[in-house]
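Input: a single structure, listed below in structure tokens.
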Number of protein chains: 2
Amino acid sequence: MATISDVAHRAGVSTATVSRALNGKSTVDPELAARVQSAAAELGYRPNGPARNLRKQATAVLALIISDVENPFFTAVARGVEDVAHAAGYSLVLCNSDDEPAKEREYIDVALQERVAGILLTPTGDADSAELLARYALPVVAVDRPLPDSTGDAVLVDSRRAAEQAVLHLAEQGYRRIGCLTGPRGVLTADDRLAGYRDGLRAAGLGGSDELVRRSEFRATGAEAAARSLLAEAAPDALLVANNAMAVGVLAALAELGRRPGRDVGVVAFDDAPWTTLIDPPLTVVAQPAYDMGALAARLLLDRIAGARGEVSTSTLSAHLVPRGSSTRG
Amino acid sequence: MATISDVAHRAGVSTATVSRALNGKSTVDPELAARVQSAAAELGYRPNGPARNLRKQATAVLALIISDVENPFFTAVARGVEDVAHAAGYSLVLCNSDDEPAKEREYIDVALQERVAGILLTPTGDADSAELLARYALPVVAVDRPLPDSTGDAVLVDSRRAAEQAVLHLAEQGYRRIGCLTGPRGVLTADDRLAGYRDGLRAAGLGGSDELVRRSEFRATGAEAAARSLLAEAAPDALLVANNAMAVGVLAALAELGRRPGRDVGVVAFDDAPWTTLIDPPLTVVAQPAYDMGALAARLLLDRIAGARGEVSTSTLSAHLVPRGSSTRG
DNA sequence: TTGAAAGCGCTAACAG
DNA sequence: CTGTTAGCGCTTTCAA
């Protein structure tokens with residue numbers, strides 16, 4: 001592939017002039033600039049990224065480390081990030097951590113080696129990862145969950161409050177034995193949503209012990225089993241489900257047991273999705289602004305990269321309840 | 001950040017020895033190697049990727065250009081790609097082309113500049129893109145749709161045949177006026193599925209004119225409008241829908257018109273998704289092996305990068321029909 | 001305004 | 001087995 005000196009030769013100028021002309025730097029004689037442009041075009045010249053990055057000691061690449069691209073919530077986050085990054089001339093390296101600290105560390109390491117300009121991640125909560133990031137002072141923005149010791153900016157959702165409101169909504173609809181299906185202990189969003197659930201029970205004067213709580217992975221199959229166990233052992237009349245994938249499992253369990261959402265068991269789940277209005281009755285959800293979170297996080301990161309001053313910030317966006325048939329008796 | 005010569009200094013050896021020790025190259029005295037290792041660890045040394053890439057004239061990065069990460073089909077492809085790439089020590093740069101040729105070209109350009117080792121893409125069909133790829137002899141594998149002039153390997157699905165079988169299935173179930181909702185003209189998968197639909201009608205002896213065909217974008221909203229128009233103007237008794245996002249729109253239209261899938265209108269849609277079994281009746285789908293396509297494509301690409309010999313290959317995986325309630329009268 | 005030259009950090013000949 | 005040295009392709013002083 002043609003190099004800058006090939007272009008320089010062909011245009012009859014020095015490499016410095018080519019560089020200046022192609023980057024629109026300082027003032028280059030229009031005639032020379034034109035010669036350079038056409039020489040570059042004729043040769044199909046493409047500047048060598050690695051060489052430029054080495055010289056400039058900087059790259060226009062962002063790393064995005066998320067749990068799983070197959071989860072629609074993260075996918076929407078990714079899209080928000082990509083749109084903003086691309087508009088600013090940055091590329092995105094995608095990494096799936098599967099919420100495993102080891103994978104997360106490994107990817108952070110890759111990002112460090114590649115000298116990416118910054119990192120966006122949904123932290124697993126691993127302390128070593130946070131330490132690594134801090135040690136190299138790599139610009140970082142956490143999305144969906146904060147980094148341990150809140151190193152770095154974060155873009156979060158007020159899950160706890162949203163969960164509380166979901167429970168209050170269920171209570172208003174007349175449900176009395178409200179259960180909760182949440183994610184693994186230690187995953188902050190899972191714990192937050194559980195805490196909000198308890199807040200809601202308290203606020204509704206429903207007390208409630210932990211017999212109505214089950215945990216599983218943030219996936220359909222685990223949630224299906226958890227729902228079965230909860231339904232069989234604790235006879236809840238409503239369910240708060242902590243994410244979209246889990247909702248799939250829960251609804252499947254309900255269908256198999258012949259229990260109709262809304263009428264027999266009230267259901268509210270986190271995360272909206274196109275299909276939630278297709279089922280009968282439509283699913284009441286807590287909609288999170290995933291795309292906006294990604295976009296905001298990317299903007300914050302770009303600001304940091306551009307050298308934005310001090311104070312780590314935490315932006316908490318709010319989720320809102322979208323009441324539909326699955327939480328209405330009748 | 002520490003450089004290789006910092007490490008060399010600290011270990012009291014030359015940079016060449018550090019390089020060799022850290023890369024496990026040739027034979028390095030165990031004692032020196034150990035000194036290097038600990039010096040590197042103490043300094044938190046991370047090799048400078050851009051420098052290494054420049055020197056080696058190669059990167060361990062793959063570009064993945066897909067229509068849209070928010071589409072579950074592409075998301076599954078992406079996951080398959082990432083898993084294989086990661087296992088081989090490659091990173092993935094993610095790009096959303098939104099099926100716009102201009103964006104596609106732009107991203108190919110970025111990939112070229114960054115000197116990625118290879119590209120995976122779901123081609124928009126743009127000829128300039130294909131030419132660009134060919135000109136620079138960049139290893140490339142097309143996924144889901146072939147490149148124009150079949151430059152490069154491709155991993156496809158036999159959409160046409162799958163569509164045909166879907167139609168035959170509907171015919172067997174007794175549907176007689178089978179309609180088709182497909183994507184934009186010129187998008188190969190859209191045209192293929194339409195061709196398969198016509199094959200199916202012919203094979204079933206149903207003749208059929210184009211009054212039963214509608215096109216829209218591969219999205220829910222466009223498909224919803226298209227479905228309304230088709231239902232109002234041509235009175236089909238069954239529908240073949242060319243992708244998952246469109247199915248959402250079609251099902252919404254049906255629900256609003258009070259027409260029940262299966263009983264009133266048979267429905268088969270491309271792409272399986274977790275929610276398709278949650279609706280009533282469950283949706284009959286043509287399931288595509290998206291993850292496997294991504295994984296296979298990545299393997300083929302890595303082979304090419306490793307210098308695999310000649311002949312461009314086209315792998316056609318098969319989709320299979322998953323009959324469920326939406327295509328059964330009753 | 002332009003060119004010459006240095007050097008980013010690394011690896012790979014080539015000597016020793 | 002180890003060190004010296006020469007670039008990879010680019011941007012950016014520094015002089016002219």
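Letters go in sequence order (proteins before strands), and every chain restarts at 1.
- Sequence order on DNA chain C of the closest nucleotides to B:K25 and B:A51 puts B:A51 first from the 5' end.
- When DNA chain D is scanned in the 5' to 3' direction for atoms under 4.0 Å from non-hydrogen atoms of chain B, the outermost contacting nucleotides are D:dC1 to D:dG9.
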- Please step through side-chain contact (heavy atoms from CB on, under 4.5 Å) for the pair A:L156 and A:T314, ending with a clear verdict. CA-CA 7 Å; A:L156 311 175; A:T314 296; 3.8 Å; yes

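- Mapped onto DNA chain D by nearest heavy atom, B:P30 and A:N48 fall at different nucleotides, with B:P30 at the one closer to the 5' end.
- You'll find the side chain of A:V140 stays beyond 4.5 Å of the side chain of A:T151, heavy atoms only.
- Counting any heavy atom pair closer than 4.0 Å across all strands shown, A:N53 reaches no nucleic acid atom.
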Mind listing the side-chain donor-acceptor pairs of residues 127-135 of chain B below 3.5 Å, one per line with the distance, residues two or more places apart or on another chain?
{"unit_1": "B:S129", "atom_1": "OG", "unit_2": "B:E104", "atom_2": "OE1", "d": "2.7"}
{"unit_1": "B:S129", "atom_1": "OG", "unit_2": "B:D126", "atom_2": "OD2", "d": "3.0"}

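- Among the heavy atoms of the strands lying under 4.0 Å from B:P47 are primed sugar atoms or P, OP1, OP2 only; no base atom is included.
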- Task: Report the C-alpha separation of A:I305 and A:Y90 in whole Å, then their side-chain angles, then the decisive distance to 0.1 Å, and conclude whether the side-chain contact (heavy atoms from CB on, under 4.5 Å) test is met.
- Result: CA-CA 11 Å; A:I305 290 167; A:Y90 281 73; 3.6 Å; yes

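- Two residues, A:D29 and B:S5, neighbour DNA chain C, and the one matched to the more 5' nucleotide by heavy-atom proximity is A:D29.
- Under the 4.5 Å side-chain criterion, counting only non-hydrogen atoms from C-beta, A:P50 is in contact with A:N48.
- Once rounded to the nearest 0.5 Å, the distance linking NE2 of A:H86 with OH of B:Y107 reads 3.5 Å.
- For the pair A:Q113 and A:D109, the minimum side-chain heavy-atom distance is below 4.5 Å.
- In summary, contact between chain A and DNA chain C, defined as any nucleotide atom under 4.0 Å from a heavy atom of the protein, begins and ends at C:dT1 to C:dG9 in the 5' to 3' direction.
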- Could you check A:V36 against A:L22 for side-chain contact (heavy atoms from CB on, under 4.5 Å), going step by step and ending with a plain yes or no? CA-CA 8 Å; A:V36 169; A:L22 260 26; 3.6 Å; yes

